[in-house]
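Below, chain A is the first sequence line, B the second, and so on; all start at residue 1. All values below were derived from every heavy atom in this structure, side-chain atoms included, with hydrogens, water molecules and symmetry-related copies excluded.
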There are 2 protein chains.
Amino acid sequence: MGKLFSKTYLALRQEILSGKLASGKCLVEQPLADKFGVSRTPIREAIRQLQQEGLVESDRRGGLRVTVVTIADAIHLYDCRLGLEQIAAMGACENATPAQLEDLQDCLAQANLADSIVTETIGNNSSGLSISPEQSDELENRLRIDQSFHRLLAESSGNPQLVDLLEQVFSKMALLRLTTTYQQPDVLEIWAEHERIIEAIMQRDSQAAAVAVRDHLIASKARVVQALQGLRTGASLQGIALF
Amino acid sequence: MGKLFSKTYLALRQEILSGKLASGKCLVEQPLADKFGVSRTPIREAIRQLQQEGLVESDRRGGLRVTVVTIADAIHLYDCRLGLEQIAAMGACENATPAQLEDLQDCLAQANLADSIVTETIGNNSSGLSISPEQSDELENRLRIDQSFHRLLAESSGNPQLVDLLEQVFSKMALLRLTTTYQQPDVLEIWAEHERIIEAIMQRDSQAAAVAVRDHLIASKARVVQALQGLRTGASLQGIALF
DNA sequence: TGTATACCCGTTGTATACAAACTTTCTTTA
DNA sequence: TAAAGAAAGTTTGTATACAACGGGTATACA
């Protein structure tokens with residue numbers, strides 16, 4: 001179907017996730033409609049969709065803006081993931097199909113491959129502050145792989161409700177993760193943690209899987225919080241709002 | 001603000017949650033607009049809102065209908081609650097305010113009060129199949145109390161994201177409740193389980209709280225599954241109550 | 001100069017008209 | 001009679017016009 005609203009939705013989403021529409025930016029219907037060459041109606045639909053995803057939130061004055069993710073939100077979202085993904089891992093131990101297990105392993109393989117490429121071509125990023133386009137692409141790639149892993153994990157649980165809820169959490173974190181991954185290029189630990197999760201699931205050991213997920217998310221949360229606090233002290237951003 | 005869409009949203013929501021708009025019923029914009037005396041625009045807005053809440057889902061043919069909650073969904077939703085509410089309880093141990101603790105205790109007191117009233121006026125329901133209006137009201141009351149408890153628990157965590165996610169789960173479970181009528185569950189056990197949760201939280205013992213929540217939800221899930229299985233085998237739709 | 005009021009402009013909410021896609025049914029033809 | 005196609009009806013998508021609400025500014029008056 002050639003619906004305009006889905007096109008504008010995708011375009012808007014891309015603008016938000018790429019940072020062209022910055023967090024906190026007010027979304028006004030008519031200018032957006034002009035920008036995309038459509039009327040206000042599909043813009044409204046698109047914004048509603050984004051609101052549903054958590055990428056757009058209502059302002060205090062009833063207006064709409066790109067969601068602002070605070071440090072507190074990041075922590076809260078990680079706690080939600082902690083609860084949901086432990087259940088997902090336990091469910092995966094019971095219900096993951098062979099194909100899904102294979103997908104998870106593929107994901108890990110891609111991760112290692114991507115990591116080796118980055119290590120070869122770029123090396124570690126401890127030297128400078130600036131990030132080249134190639135680095136940016138590779139880091140973007142890692143982010144995608146990580147997201148794929150967690151999405152596959154959710155799907156492997158065989159619980160569609162869980163998938164839906166986690167999807168929402170991931171959407172809200174997308175803004176956050178976009179900025180934090182650049183600050184935290186050392187992801188070898190992450191892949192190791194993913195491997196432990198997969199191993200536990202393949203052994204159908206739900207307790208071990210839950211523990212592995214818990215450890216992974218607690219570690220990730222710590223990494224992100226550290227990165228965010230570093231960001232905050234570096235810039236002169238007032239209060240809790242980060243972006 | 002006297003926005004029409006919020007009025008129609010509330011009206012539609014009420015119709016869905018009261019069962020006047022049955023699960024699976026297709027939602028067509030123009031008839032609904034005629035029914036509520038508004039144009040299609042606010043109807044669309046309201047439906048989008050309900051879709052966001054999970055009370056409306058898209059049909060296979062792209063149409064919209066009142067969400068259909070299956071038995072499998074019920075089990076999956078309980079698993080989601082299991083994950084989220086354990087986190088909520090642990091959060092509550094850290095962040096619950098004295099006022100919130102008091103509210104939780106009030107909730108329990110109301111539960112005991114309601115229970116004694118039901119016991120006095122009605123007695124247990126082991127005898128017959130039919131349920132009087134008074135019984136129905138009292139069971140409705142208990143359901144509200146139970147929902148209040150879990151809502152307060154979520155809020156006590158101090159995690160708004162968690163509150164949002166649990167709200168969605170509760171909404172969908174409310175739909176399931178409508179597909180059947182009530183059956184008197186063993187409520188004394190439920191209140192006792194609630195009490196254990198509160199005690200753990202008041203002692204700020206997050207591990208105990210998580211265990212208490214886990215035990216409670218596993219028991220609740222078992223109760224519901226048992227009721228559902230009996231419902232399937234038995235000819236008469238006695239129904240279930242979700243606690 | 002400070003405050004209050006009135007008006008203008010920007011933004012969202014609502015109604016309505018029209019278009020496009022899909023369904024269904026009836027008709028026509030092989 | 002069956003199948004294919006066309007026409008009518010249904011439903012959602014889109015554009016647009018207008019209304020209502022609110023904020024900000026300018027002006028008038030104290």
field: Value in whole Å for how far the P atom of dT16(D) lies from CD of E29(A)
entry: 15 Å
- prompt: Can you check whether R44(B) reaches F5(B) side chain to side chain, under 4.5 Å on heavy atoms?
  reply: no
- request: Calculate the interatomic distance between L4(B) atom CG and dG13(C) atom P; express it in whole Å.
  value: 11 Å
- request: Please examine the side chains of D164(A) and K172(B), heavy atoms only from C-beta on, and report whether any two atoms are closer than 4.5 Å.
  value: yes
task: For L32(B), answer base if it contacts any base atom (sugar-phosphate contacts may also be present), sugar-phosphate if it contacts only those atoms, and nothing otherwise; contact means non-hydrogen atoms under 4.0 Å.
output: nothing
field: Residues touching DNA chain D, which here means a heavy atom under 4.0 Å, drawn from residues 47-59 of chain A
entry: none
message: Just the rounded figure in Å: distance from P of dT14(D) to OH of Y9(A).
response: 15 Å
- line: Under a 3.5 Å limit on both distances, the Watson-Crick or wobble mate of dG2(C) is dC29(D)
query: How would you list, by chain and number, every residue that makes a side chain to side chain donor-acceptor pair (under 3.5 Å) with Q52(B), sequence neighbours excluded?
result: none
- line: Across all chains, not counting sequence neighbours, the ring-ring contact (aromatic ring centres under 6.0 Å, His included) partners of H194(B) are F149(B), H150(B), W191(B), H216(B)
query: Hey, which of these two, R61(B) or L64(A), hits DNA chain C nearer its 5' end, going by closest nucleotide?
result: L64(A)
message: Using whole Å, what does the distance between atom P of nucleotide dT12(D) and atom NZ of K3(A) come to?
response: 10 Å
query: What is the distance, rounded to the nearest whole Å, between atom CZ of R60(B) and atom P of dC22(C)?
result: 17 Å
Short side-chain donor-acceptor distance under 3.5 Å, Q168(A) and Q168(B): yes
message: Are L32(B) and E29(B) packed together at the side-chain level, in the sense that at least one heavy-atom pair is separated by less than 4.5 angstrom?
response: no
message: Any non-hydrogen side-chain atom of L175(A) less than 4.5 Å from a side-chain atom of S23(A)?
response: yes
statement: Sorted by chain and residue number, the salt bridge (Lys or Arg N to Asp or Glu O under 4.0 Å) partners of E94(B) (sequence neighbours excluded) come out as none
- line: To the nearest angstrom, the CD-P distance between E45(B) and dA15(C) comes to 11 Å
query: Tell me, which of residues 34-44 of chain B have any heavy atom that sits under 4.0 Å from an atom in DNA chain D?
result: R40(B), R44(B)
task: Could you pull out all residues at least two apart from S148(A) that satisfy side chain to side chain donor-acceptor pair (under 3.5 Å)?
output: none
